[in-house]
J.: 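Dropping the structure in here first, questions after.
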Amino acid sequence: MKYLICSDIHGSFEACKKIISQFESFNCDKIIILGDTLYHGPRNPLPEGHNPKAVAELLNKYADKIIACRGNCDAEVDQMVLQFQTMADYVQIIEDNVTLFCTHGHVYAPILSSGTIPAGCETASKKIIIKNPAICFYGHTHVSVLEKSEDYIVCNPGSPSLPKMETAPGFAIYQNKKITLYNLEGKEIKSLAL
């Protein structure tokens, strides 16, 4: 199974169209959305092409291919217009005996190789203790991260609409125990394997 992983679309129809285009281009089987799908939140500017209704309509065409969790900007009203489940704080997928722990990062925070949690996740109330072999996918910070810590990997695909700390707008691809970060044009940034 090949997964495209993205987070923090924040209602940008322009970013969403590019994500779907890359999903098709890379011939992926599923899309994992790590939250903050429709609303931009009070701390963020309006992203380019802000149109939550159009984002919902486009994503609903792929509802049977989407696995999603809730971000801090997602609300019950969002679930009313989305035809896929998006209100869980995390989703776990077992793929080739590897646990993919997918969360937004505001409730559960991964532990990085430095022993810290990522900046921007400080308010998370629960820390993730990753059991091997596993990969933790999280969003929330809008900063792309891909690092290996002993026998597990931590990955943040960044944000396709509102990237921060000079990271490129982008997404990640997971297949066969390998994760690759890409920018929105499909250029490889970094890759790691378990």
J.: Please determine, by modelled atom types, if T86 and Q79 share a side-chain donor-acceptor pair under 3.5 angstrom.
T.: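 The answer is no; no qualifying pair exists.
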J.: Just so I know, are the side chains of L112 and I117 near enough to count as touching, which here means a heavy-atom distance under 4.5 Å?
T.: no
J.: Would you check if the side chain of N183 reaches a backbone N or O of E185 as a donor-acceptor pair within less than 3.5 Å?
T.: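 Present.
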J.: So, R70 and D89, do they make that salt bridge, N to O below 4.0 Å?
T.: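 Looking at R70 and D89, the cut-off is met.
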J.: Using modelled atom types and a 3.5 Å cut-off, is there a donor and acceptor pairing between side-chain atoms of N51 and backbone atoms of S12?
T.: no
J.: Identify whether I32 and L184 are in the same connected component of the hydrophobic contact network (ILVMFWY, side-chain heavy atoms under 4.5 Å).
T.: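 Each belongs to a different hydrophobic cluster.
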J.: Establish, from distance only, whether the side-chain atoms of H50 and H10 form a donor-acceptor pair under 3.5 Å.
T.: no
J.: Taking atom CD of E122 as the centre, does the number of heavy atoms from other residues, nucleotides or ligands within less than 6.0 Å exceed 12?
T.: yes
J.: Taking side chain as C-beta onward, heavy atoms only, is V143 less than 4.5 Å from P163?
T.: no
J.: Check the pair D36 / H140 against side chain to side chain donor-acceptor pair (under 3.5 Å), numbers first and verdict last.
T.: CA-CA 8 Å; D36 286 2; H140 189 51; 4.9 Å; no
J.: Does any donor atom in the side chain of E24 or Y62 lie under 3.5 Å from an acceptor atom in the other side chain?
T.: yes
J.: Counting only heavy atoms not in M165, do more than 12 sit closer than 6.0 Å to its CE atom?
T.: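 Count not over threshold, so no.
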J.: Mind checking ring pair (Phe, Tyr, Trp, His ring centres under 6.0 Å) for F101 and listing every partner two or more places apart, or none if nothing turns up?
T.: Y90, Y108
J.: Can you find a heavy atom in the side chain of I5 that is under 4.5 Å from one in the side chain of I173?
T.: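 The answer is no, as the side chains (C-beta and beyond) never meet within the 4.5 Å cut-off.
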J.: Taking the side chain as every heavy atom from C-beta outward, state whether L34 and P157 have any pair of such atoms under 4.5 Å apart.
T.: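 L34 reaches P157 side chain to side chain.
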J.: Which pair of heavy atoms, one from C69 and one from V91, lies closest together, and at what distance?
T.: CB-CG2, 4.2 Å
J.: Of all heavy-atom pairs between T141 and A119, which one has the smallest distance, and what is that distance?
T.: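 That closest heavy-atom pairing would be CG2-O, 3.0 Å.
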J.: Treating N60 as the side-chain partner and Q83 as the backbone partner, does any N or O pair qualify as donor plus acceptor under 3.5 Å?
T.: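 Yes; judged by distance alone, with no hydrogens or angles, the pair exists.
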J.: Does one hydrophobic cluster hold both L4 and I189, with members joined at side-chain heavy-atom distances below 4.5 Å?
T.: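 Hydrophobic grouping puts L4 apart from I189.
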J.: Under a 4.5 Å cut-off applied to non-hydrogen side-chain atoms, are V77 and M80 in contact?
T.: yes
J.: Do E147 and S113 come close enough that some side-chain heavy atom pair is under 4.5 Å?
T.: yes
J.: Determine the minimum heavy-atom distance between V55 and L38, stating which atoms define it.
T.: CG1-CD2, 3.6 Å
J.: Is there a path of hydrophobic side-chain contacts, each under 4.5 Å between heavy atoms, that joins I179 and M1?
T.: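 Same cluster.
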J.: I'd like to know whether S7 forms a side chain to side chain donor-acceptor pair (under 3.5 Å) with N156, so could you lay out the CA-CA distance, the side-chain angles of the two residues, the decisive distance to 0.1 Å, and finally the verdict.
T.: CA-CA 8 Å; S7 187; N156 185 326; 5.6 Å; no
J.: Do N72 and H104 touch side chain to side chain, with heavy atoms closer than 4.5 Å?
T.: yes
J.: Just do the side chain to side chain donor-acceptor pair (under 3.5 Å) check on S191 and T180 with the steps written out, would you?
T.: CA-CA 4 Å; S191 188; T180 306; 3.0 Å; yes
J.: Would K17 and L58 satisfy side chain to side chain contact (heavy atoms under 4.5 Å, CB included), going step by step from the backbone distance to the final call?
T.: CA-CA 8 Å; K17 286 190 297 187; L58 178 56; 4.0 Å; yes
J.: Looking only at heavy atoms, which two atoms of G105 and C121 are closest? And how far apart?
T.: O-SG, 3.4 Å
J.: Can you tell me if CG on D64 sees more than 12 non-hydrogen neighbours from other groups inside 6.0 Å?
T.: yes
J.: List the residues meeting ring pair (Phe, Tyr, Trp, His ring centres under 6.0 Å) with F26, not counting sequence neighbours, and say none if there are none.
T.: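 By the ring pair (Phe, Tyr, Trp, His ring centres under 6.0 Å) rule, F26 matches F171, Y182.
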J.: Tell me the closest heavy-atom pair linking H40 and P47, and the distance in Å.
T.: CB-CD, 3.9 Å
J.: Treating Ile, Leu, Val, Met, Phe, Trp and Tyr as nodes and any side-chain heavy-atom pair under 4.5 angstrom as an edge, say whether I31 and L82 lie in one connected cluster.
T.: yes
J.: For Y3 and E95, run side chain to side chain donor-acceptor pair (under 3.5 Å): C-alpha distance rounded to whole Å, both residues' side-chain angles, the deciding distance at 0.1 Å, then the answer.
T.: CA-CA 11 Å; Y3 298 90; E95 180 76 28; 2.8 Å; yes
J.: State the NZ-CD1 distance between K61 and I66, to the nearest 0.5 angstrom.
T.: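 Spacing of NZ (K61) from CD1 (I66) equals 12.0 Å.
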J.: Would you indicate whether the side-chain heavy atoms of I67 and I93 approach each other to under 4.5 Å?
T.: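 Side chain of I93 against side chain of I67, heavy atoms only: contact under 4.5 Å found.
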J.: Within the side chain of T103, is there an N or O that forms a donor-acceptor pair under 3.5 Å with the backbone of Y138?
T.: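 No.
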J.: Rounded to the nearest 0.5 Å, what separation is found between the CG atom of L192 and the OH atom of Y174?
T.: 12.5 Å
J.: D29 and side-chain contact (heavy atoms from CB on, under 4.5 Å): which partner among Q175, K65, K2?
T.: K2
J.: Would Y152 and I135 count as a side chain to side chain contact (heavy atoms under 4.5 Å, CB included) here? Give the steps.
T.: CA-CA 6 Å; Y152 62 88; I135 300 168; over 6 Å; no
J.: Going by the rule ring pair (Phe, Tyr, Trp, His ring centres under 6.0 Å), which residues pair with Y39 if we only count those two or more places apart in sequence or in a different chain?
T.: none
J.: Measuring from atom NZ of K190 to atom SG of C155, what distance do you get when rounded to the nearest 0.5 angstrom?
T.: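 Here the interatomic distance stands at 9.5 Å.
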J.: Where do D8 and P160 come nearest, in terms of heavy atoms and distance?
T.: O-CD, 3.7 Å
J.: Enter the distance from T37:OG1 to I9:CD1 here, rounded to the nearest 0.5 Å.
T.: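 So the OG1 of T37 and the CD1 of I9 are separated by 5.5 Å.
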J.: L181 and L194: same hydrophobic cluster, using ILVMFWY side-chain contacts below 4.5 Å?
T.: yes
